[in-house]
2 protein chains.
Amino acid sequence: MPSRRSRRPKGQGGLLRADLLASAERILAAEGDGKRLSIRAVASGAGVTPPSVYRHFNDKAELLRAVVQARFEAFDAFLDAATSDTAPPCEQLRRRCHAYLEFARSQPASYRLLFSATELGPEALGTEGVDWHPGAPSFFRLVDSVGRCLTSRRPHDAANAMFVAMLVWTQLHGIADLQLSKPELPWPAATELIDHALVGLDLLDRPTPAKAAVRRRKSDR
Amino acid sequence: MPSRRSRRPKGQGGLLRADLLASAERILAAEGDGKRLSIRAVASGAGVTPPSVYRHFNDKAELLRAVVQARFEAFDAFLDAATSDTAPPCEQLRRRCHAYLEFARSQPASYRLLFSATELGPEALGTEGVDWHPGAPSFFRLVDSVGRCLTSRRPHDAANAMFVAMLVWTQLHGIADLQLSKPELPWPAATELIDHALVGLDLLDRPTPAKAAVRRRKSDR
DNA sequence: TGTACATCAGTGAACGCGCGTTCACTGATGTAC
DNA sequence: TGTACATCAGTGAACGCGCGTTCACTGATGTAC
């Protein structure tokens, strides 16, 4: 907990905005959930008193919107980093899926902030009826990846990319969210679950026994 | 909001317990989420002042545990009602899945209370490290249903019922939870999504075009 | 070069809110004599 | 049959907490003259 920070010189008050966002990200990384993401906690994490926050954000919803925006960007970067190579399209999709699950596992509070039903609905964000969807780019990246895989395997099905992407996404979210909310169950590795589902959707080859053994040896969790 | 209720005669104070649970269920049915499930709201909904609650529950966690227990029983009953007939095993499974999605859609606050990551973790329920799992019967019902379907289609795979059931469950939860948390997206019918996934897992026959058309005509949402 | 002044980043105290929980109590009900 | 009493369902007031937000302010910084 940084104590009182020194005041910014005159033109640079705006730097506090970045400090507040960094403080929010630190809170998300430290806490298992986002319930502690209060104005007071974020201010204190930045070494500042609560009223200072209002110099940079009109209200809590505006602060949260900025945090969500930043976290979606980090999420996209994390997934893109896992796929930035020259592997074939369906292997890229598979890696993107594994990265999705790894993000949820390693940053549960961020994951829930972005995707979980109850964490922050449109009400909390003040975006009811608005077409502001900070997660849209993430979703279309997945649709693209699915589309490329489909094109390479079943070109006549490429028009279904959106529908298939929704199947993949809901499968990923179900695995990620339930493994977080019901940790006491004897879960298999998240990657094993999604690989099986991808095989079922014909987006991945059924592994040969040998490949499966190697994969199992490498699997996390 | 019932105003002050009349006092119970002497031996029957215990009836308030049932009234409190009923009040909690009413709140869950009325609110989109479970955030209003406070001691004060539950008491007020039963026409009683907050301290009365402590005559029947030691603290809020105990009240919540009772609510969760009751809601899981309602959930199981709802799913069982959808499958209590003589259809073949895989059709029973399919109906169970559709009922799961219908429960989530029609009772979102209850669904989130039972299954969503952030609504009520073990911390809120005071069940950390305890083997108290009120949802276990629901899960094993699904494992059974998947097992029967597997046995009828691929007897040599019946030992995988648990793994396959987890795939089905995570798929169901992903559909249910994301449709609740991102209502602004252009979702296809939930039943169409799960049917497609069941086909992929070889738990359902790929529909013929004719069947698919009929199914589409009947589909909800 | 020195001084008065406007700017503005950040403070301190307070507001009203809903929350879980505790405490001493009230007063109708049923029972014992 | 009448009365004293124990039981116990439920109350009213208060506690301390963390929250989002508002308000008048302070005081260092940079600028104008």
Separation of atom [atom1] in [X] from atom [atom2] in [N], rounded to whole Å:
| X | N | atom1 | atom2 | value |
| --- | --- | --- | --- | --- |
| B:L20 | C:dG20 | CG | C1' | 15 Å |
| B:R17 | D:dA9 | CZ | C1' | 16 Å |
| A:F57 | C:dG10 | CZ | C1' | 15 Å |
| B:D59 | C:dT21 | CG | P | 5 Å |
| A:H56 | C:dA9 | NE2 | C1' | 7 Å |
| B:L63 | C:dC19 | CG | C1' | 14 Å |
| A:L16 | C:dA9 | CG | C1' | 9 Å |
| B:K35 | D:dC19 | NZ | P | 16 Å |

Establish, with yes or no, whether the OP1 or OP2 oxygen of D:dA9 is under 4.0 angstrom from a side-chain nitrogen or oxygen of B:R55.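 So the side-chain polar atoms of B:R55 do come within 4.0 Å of the phosphate oxygens OP1 or OP2 of D:dA9, strictly under.
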Is the closest basic N to carboxylate O distance between A:E91 and A:R94 below 4.0 Å? yes
Electrostatic pair B:D177-B:R112, nearest N-O below 4.0 angstrom: no
Checking A:R105 against A:E102 for the salt bridge (charged side-chain N to carboxylate O under 4.0 Å, His left out) test, could you report, in this order, the C-alpha distance in whole Å, the side-chain angles of both residues, the deciding distance, and whether it holds? CA-CA 5 Å; A:R105 201 188 58 75; A:E102 174 59 18; 3.2 Å; yes
Kindly write out the residues that satisfy side-chain hydrogen bond (donor to acceptor under 3.5 Å, both in side chains) with A:S23, not counting sequence neighbours, or none if the list is empty.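 So A:S23 forms no side-chain hydrogen bond (donor to acceptor under 3.5 Å, both in side chains) with any residue.
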When the ring centroid of A:F163 is compared with that of B:H196, is the distance short of 6.0 Å? yes
Before we go on, tell me: are the rings of B:F115 and B:F103 under 6.0 Å apart, centre to centre?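 Ring centroids of B:F115 and B:F103 are no less than 6.0 Å from each other.
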Can you give one letter per nucleotide of nucleotides 13-18 of chain D, 5' to 3': B if a protein heavy atom sits under 4.0 Å from the base, S if only from the sugar-phosphate, - if neither? BB----
Indicate yes or no for a side-chain donor-acceptor contact from A:S52 to the backbone of A:T49 under 3.5 Å, with no hydrogens or angles considered.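 Pair found, side chain donor or acceptor close to backbone of A:T49.
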Give DNA chain C the dot-bracket treatment, 5' to 3': Watson-Crick (N1-N3 with N6-O4 or O6-N4) or G-U (N1-O2, O6-N3) under 3.5 Å, [ ] crossing, | other strand. .||||||||||||||||||||||||||||||||
Classify the ring geometry of A:F75 against A:F72: parallel below 30°, tilted from 30° to 60°, perpendicular beyond 60°. perpendicular
Geometric class of the A:Y100/A:Y111 ring pair [parallel <30°, tilted 30-60°, perpendicular >60°]: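 Plane angle over 60°, so perpendicular.
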Nearest to the side chain of B:Y54 - D:dG12, C:dG10, C:dG20?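 Of the options given, the side chain of B:Y54 lies nearest C:dG20.
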Given D:dG12, D:dG20, C:dG10, the nucleotide with the shortest approach to the side chain of A:S52: C:dG10
